[in-house]
There are 2 protein chains.
Amino acid sequence: MGNEMNSIPDIIISRLPVYYQHLKRLQDSTKEYISSEELANLTGFSSSLIRKDLSYFGTFGRKSYGYDVFCLFQQLSIIMGFNYKKKIIIIGAGHLGQALAYNKGYRERGYQLVSIFDKNPKLIGLVINDIEIQSINNLEEFMENNKVSAAALTVPGGAAQKITDRLVAAGIKAIWDFTEVPLQVPDDVLLEEQLINEGLCKLSVKMNQFRINNSEAAEDLNCEQK
Amino acid sequence: MGNEMNSIPDIIISRLPVYYQHLKRLQDSTKEYISSEELANLTGFSSSLIRKDLSYFGTFGRKSYGYDVFCLFQQLSIIMGFNYKKKIIIIGAGHLGQALAYNKGYRERGYQLVSIFDKNPKLIGLVINDIEIQSINNLEEFMENNKVSAAALTVPGGAAQKITDRLVAAGIKAIWDFTEVPLQVPDDVLLEEQLINEGLCKLSVKMNQFRINNSEAAEDLNCEQK
DNA sequence: TAGAGTATGTTATTTTTTTAACAATATCAC
DNA sequence: GTGATATTGTTAAAAAAATAACATACTCTA
């Protein structure tokens, strides 16, 4: 039964949101059961891999039927801890911070957006999706009065480490970082770097590869050395 | 010399943006050379892995010195194809689309944002970061007159596939998809799924793991079956 | 110019991850 | 019920990825 102790391999964790996404969509369909083979077609992972991933957490399938769509979705929610309620705040109410405030993904994953902070006086008081932006000066007091689990960090790069230190001092346990600045945090604070432009990079690499493969252009990848 | 032909392993591609990010920051420092060991400290990858990744593309280092910070950055830019100019458009001028329009990451990666499209008449004509939002009705005409390489897709899920089909028909070659809806595209169109909430999921899983490991709570991960 | 020190690029080894294979079990048609 | 079919969970094998090890080559000091 899988989790003897300790940590789920990162590679499995990275696939869980994909399973979740597809199963969520299937909730709206009339489909009651889904086989690993069908799930493979949807996700692009092999059926074998999917069965193995799921078996890491338990025995959810039904022989000759497949997986109960609703049950598996519930299980995934539990595995990912979505049944636990977590309060989240946004630090930095710029364009990205505001867009994140409208994110509908929080609730279903067990997060509740409880506040948005910024230092710009022009933004303070503004209400975004029912949440009032408040002064970053209130951060410590707010965190003392509210059990905040996580913070989305959307401040300018220059302010990132300083704010992070304040968050850590105030007892944050998880940071979702959009700043693209390498942050230092203690070992017991979870840090998730959201490289917002990663997708752009990957597309560019692949377009480039395509160009190279298809045009047989001499590769001038060697920089003048020394 | 690495790339005999064909495709860079995805696992290497996924690390390139991280190397890029750190080397970009190092440009601002006075550091002239960096060793794989130092880069390992910055990125969290092992020095051995870093040397191996880089050697996949060529020979960039200098024995007993390390890597020339500027040169390596340039090389990575070339490897990722940032030296090629690519026109990008945004489809969907909601909160996320607008936030993306302010993204400063395009230019340095060789992308130029050339237009934003939406179907909402209230948004059409609005200028975001010097780009005027235009009607989605103009999409095909615009693409005919402009060599657009990539599209960021930030429309509501319901419209995603339909718009994708139009983009494909109009000759798009790369889609950066924020809709969290599984899209069908032909084999020759690159699709990069940007699961915006992936970070939230990962944080939740890990917080959950921590809870389980530290509270020795009986794991009730078994759903009632059938 | 010799010798100590350093850090690469690459080869060898280990570990992790994926795929393939299949026995076990449940379903369904008859 | 019986046999044909389907699909799991798991074990075995293969492939991929990461780490460790090290020979090589460059630098610097004296």
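Each chain gets a letter, A, B and so on, in the order its sequence line appears, and its residues count up from 1. All heavy atoms count here, side chains included; hydrogens, waters and symmetry mates do not.
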For this session: Grab the CG-C1' distance between A:Leu54 and D:dT7 for me, whole Å please.
Result: 13 Å
Exercise. Going through the checks in order, is the side chain to side chain donor-acceptor pair (under 3.5 Å) test met by B:Glu37 and B:Asn41?
Worked result: CA-CA 6 Å; B:Glu37 195 60 43; B:Asn41 289 335; 5.2 Å; no
Exercise. If you check every side-chain atom of A:Ser64, which of D:dT7, C:dT8, D:dT27 has the closest atom?
Worked result: D:dT7
Problem set entry | A:Tyr56 OH to D:dT10 C1', straight-line distance once rounded to whole Å | 16 Å
Exercise. Can a donor-acceptor pair be found between the side chains of B:Gln74 and B:Ser77 at a distance below 3.5 Å?
Worked result: no
Problem set entry | A:Tyr33 OH - C:dT27 C1' separation (whole Å) | 12 Å
For this session: Could you state the atom-to-atom distance from CD of B:Glu37 to C1' of D:dA20 in whole Å?
Result: 13 Å
For this session: Return yes when atom NZ of B:Lys31 has more than 12 non-hydrogen atoms of other residues, nucleotides or ligands closer than 6.0 Å, and no otherwise.
Result: yes
Exercise. Within the structure, does a side-chain N or O atom of A:Tyr67 lie under 4.0 Å from either OP1 or OP2 of D:dA6?
Worked result: no
Problem set entry | Ring-face cation contact, B:Tyr84 with A:Arg211, 6.0 Å cut, 45° max | yes
Exercise. Could you give the CZ-to-C1' distance, from A:Arg51 to D:dA6, as a whole number of Å?
Worked result: 12 Å
For this session: Assign B:Ser47 to base, sugar-phosphate, or nothing according to its heavy-atom contacts below 4.0 angstrom with the strands shown.
Result: nothing
Quick one: which protein N/O atoms are closer than 3.5 Å to N/O atoms of nucleotides 28-30 of chain D? Pair and distance per line, please.
unit_1: D:dC28; atom_1: OP1; unit_2: B:Tyr65; atom_2: OH; d: 2.6

For this session: Any chance you could measure B:Leu167, atom CG, to B:Ile91, atom CD1, to the nearest 0.5 Å?
Result: 5.0 Å
For this session: Could you note down all residue pairs passing side-chain hydrogen bond (donor to acceptor under 3.5 Å, both in side chains) where residues 91-103 of chain A supplies at least one of them, sequence neighbours left out?
Result: A:Asn103-B:Asn197
Problem set entry | B:Phe82 ring center within less than 6.0 Å of B:Tyr111 ring center | no
Exercise. With a cut-off of under 6.0 Å to the ring centre and 45° to the axis, is B:Arg62 in cation-pi contact with B:Tyr65?
Worked result: yes
For this session: Take the protein atom CZ of B:Phe57 and the nucleotide atom P of C:dG9, then report the distance between them rounded to whole Å.
Result: 14 Å
Seminar exercise, completed: When rounded to whole Å, the CD1 to P distance for the pair B:Ile50 and C:dA7 reads 14 Å
For this session: Indicate whether OP1 or OP2 belonging to C:dT27 is found under 4.0 Å from a side-chain N or O atom of A:Arg62.
Result: yes
Exercise. Taking the side chain of B:Ser48 as heavy atoms from C-beta outward, which of D:dT19, D:dT10, C:dG9 is closest to it?
Worked result: D:dT19
For this session: Send over the distance from A:Lys63 NZ to D:dT8 C1', rounded to a whole Å.
Result: 5 Å
For this session: Assign each of A:Phe45 and B:Ser35 to its nearest nucleotide of DNA chain C by heavy atoms, then name whichever residue's nucleotide is nearer the 5' end.
Result: B:Ser35
Sub-3.5 Å pairs of nitrogen or oxygen atoms, protein against nucleotides 12-18 of chain C:
unit_1: C:dT18; atom_1: OP1; unit_2: A:Arg15; atom_2: NH1; d: 2.9
unit_1: C:dT18; atom_1: OP2; unit_2: A:Arg15; atom_2: NH1; d: 3.1
unit_1: C:dT18; atom_1: OP2; unit_2: A:Arg15; atom_2: NH2; d: 3.0
unit_1: C:dT18; atom_1: O4; unit_2: A:Lys52; atom_2: NZ; d: 3.4

Exercise. Just wondering, are more than 12 heavy atoms of other shown residues or ligands nearer than 6.0 Å to CZ in A:Phe70?
Worked result: no
